[in-house]
Amino acid sequence: MRKNHFLFALTLICVLLGMIIGIQYNTVKKQNSLTENQRLTELTATLKKVQDEKDALQAHLEEKEKIIKDYENGLNYGATVENLQSEIGQLRVFSGLTEVRGPGIMVSMNDSSIKKSGDSNAYLVHAEDILAVMNELNVAGAEAVSINGQRLVGKSSVSCAGSIVMVNGERVAAPFEILAVGDGDILQSALKFPGGVVDNLAPWGIEIIIKKEAEVVVPPYTQTVLWKAPVLEQEVVQ
Amino acid sequence: MIAPILGLILGVLIGVASKVVIMNDSSIKKSGDSNAYLVHAEDILAVMNELNVAGAEAVSINGQRLVGKSSVSCAGSIVMVNGERVAAPFEILAVGDGDILQSALKFPGGVVDNLAPWGIEIIIKKEAEVVVPPYTQTVLWKAPVLEQEVVQ
């Protein structure tokens with residue numbers, strides 16, 4: 001009787017163990033195929049993106065070849081002037097001298113409203129935070145970025161000046177409104193990823209609002225640049 | 001008037017009094033987080049921003065020119081600038097008033113001061129002439145441009 005009881009328990013354990021192993025095996029198998037599928041869709045998306053980029057570059061190349069042909073023909077002054085004008089237009093956009101409109105995001109940053117003891121500096125928006133946000137937007141492929149009306153160009157700088165922040169040599173103060181033209185979803189996730197800029201500022205109560213907009217208007221660079229360095233070559237690469 | 005300015009923004013610049021900054025990972029072998037002894041994307045961004053604050057006319061890092069669309073990001077053991085891989089030692093070139101640029105980097109509590117405890121090797125040299133290369137990436141614009149207002 002006692003031996004039977006023991007056998008019964010052993011059988012039960014074996015059956016349970018078998019079921020568990022079976023379920024485990026099937027789950028692992030399913031998961032593997034799931035990740036494989038994900039990889040595949042990811043790769044397909046990448047392929048499509050690269051193909052689109054290739055098409056765009058091909059079009060770009062054809063356009064440039066046509067321009068070279070126009071120059072070689074020499075006689076067609078109208079076309080040459082037109083080409084130069086369109087080139088100047090492109091360079092203006094590139095150097096931030098034009099207004100840029102398009103879909104994008106608006107990031108609003110404000111000092112913390114939390115009243116806590118300790119260093120009050122920690123609860124303010126600093127120049128480095130703004131620099132980090134703008135850099136992250138550029139990393140995510142923003143086509144134009146501005147902060148409180150100051151367009152981000154190659155010579156742009158962000159520095160601390162007491163209670164305010166200097167951008168492009170102009171005073172800007174909180175609340176900071178950063179506008180970026182580009183793919184709204186990509187820009188948004190670039191800022192929000194764990195360990196990213198927004199995440200790092202959250203503990204200090206810095207108020208960051210990120211809004212996706214159908215159209216943002218990024219203003220042009222308005223400062224006057226007094227160049228001192230001599231230019232040796234005026235090679236246009238774009 | 002516009003064309004030479006645009007040329008300046010895109011073209012090769014040669015400065016009269018300029019600056020070379022060389023940054024390299026720390027050679028100190030210490031226990032603890034080895035990340036602290038490396039040059040990070042944020043450090044490079046800080047140096048380039050500080051040079052612009054001091055009025056640099058053109059800045060480049062390892063051949064990548066700093067423009068409006070430039071970005072610096074971390075990509076594992078290397079750094080991506082303008083979407084191109086760059087690695088230590090980082091050589092930052094800036095055209096501008098050498099003395100101002102130098103003191104902008106070296107002031108107490110400034111970027112160089114902050115990196116010193118970690119042994120990051122920073123060499124700042126004033127040069128009679130530096131050549132800052134142009135931006136060479138192709139930009140594929142997607143945003144529509146409505147107005148082409150010239151402000152300059």
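Chain identifiers are assigned alphabetically (A, B, ...) following the order of the sequence lines, protein sequences preceding nucleic acid strands; residue numbering begins at 1 within each chain. Keep in mind that the numbers below use all heavy atoms, side chains included, and drop hydrogens, waters and symmetry copies.
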Next on the checklist: Has A/Lys155 got a side-chain atom pairing as donor or acceptor with B/Ala56's backbone, closer than 3.5 angstrom?
Outcome noted: yes
Next on the checklist: For B/Ser73, is there any backbone N or O sitting under 3.5 Å from a side-chain donor or acceptor partner on A/Asn135?
Outcome noted: no
Next on the checklist: With chain B as the partner, which of A/Asn168, A/Leu57, A/Leu131, A/Leu84 has the greatest number of non-hydrogen pairs under 4.5 Å?
Outcome noted: A/Leu131
Checklist outcome for this item: Counting heavy-atom pairs under 4.5 Å with chain B, the top scorer among A/Val145, A/Val217, A/Val139 is A/Val139
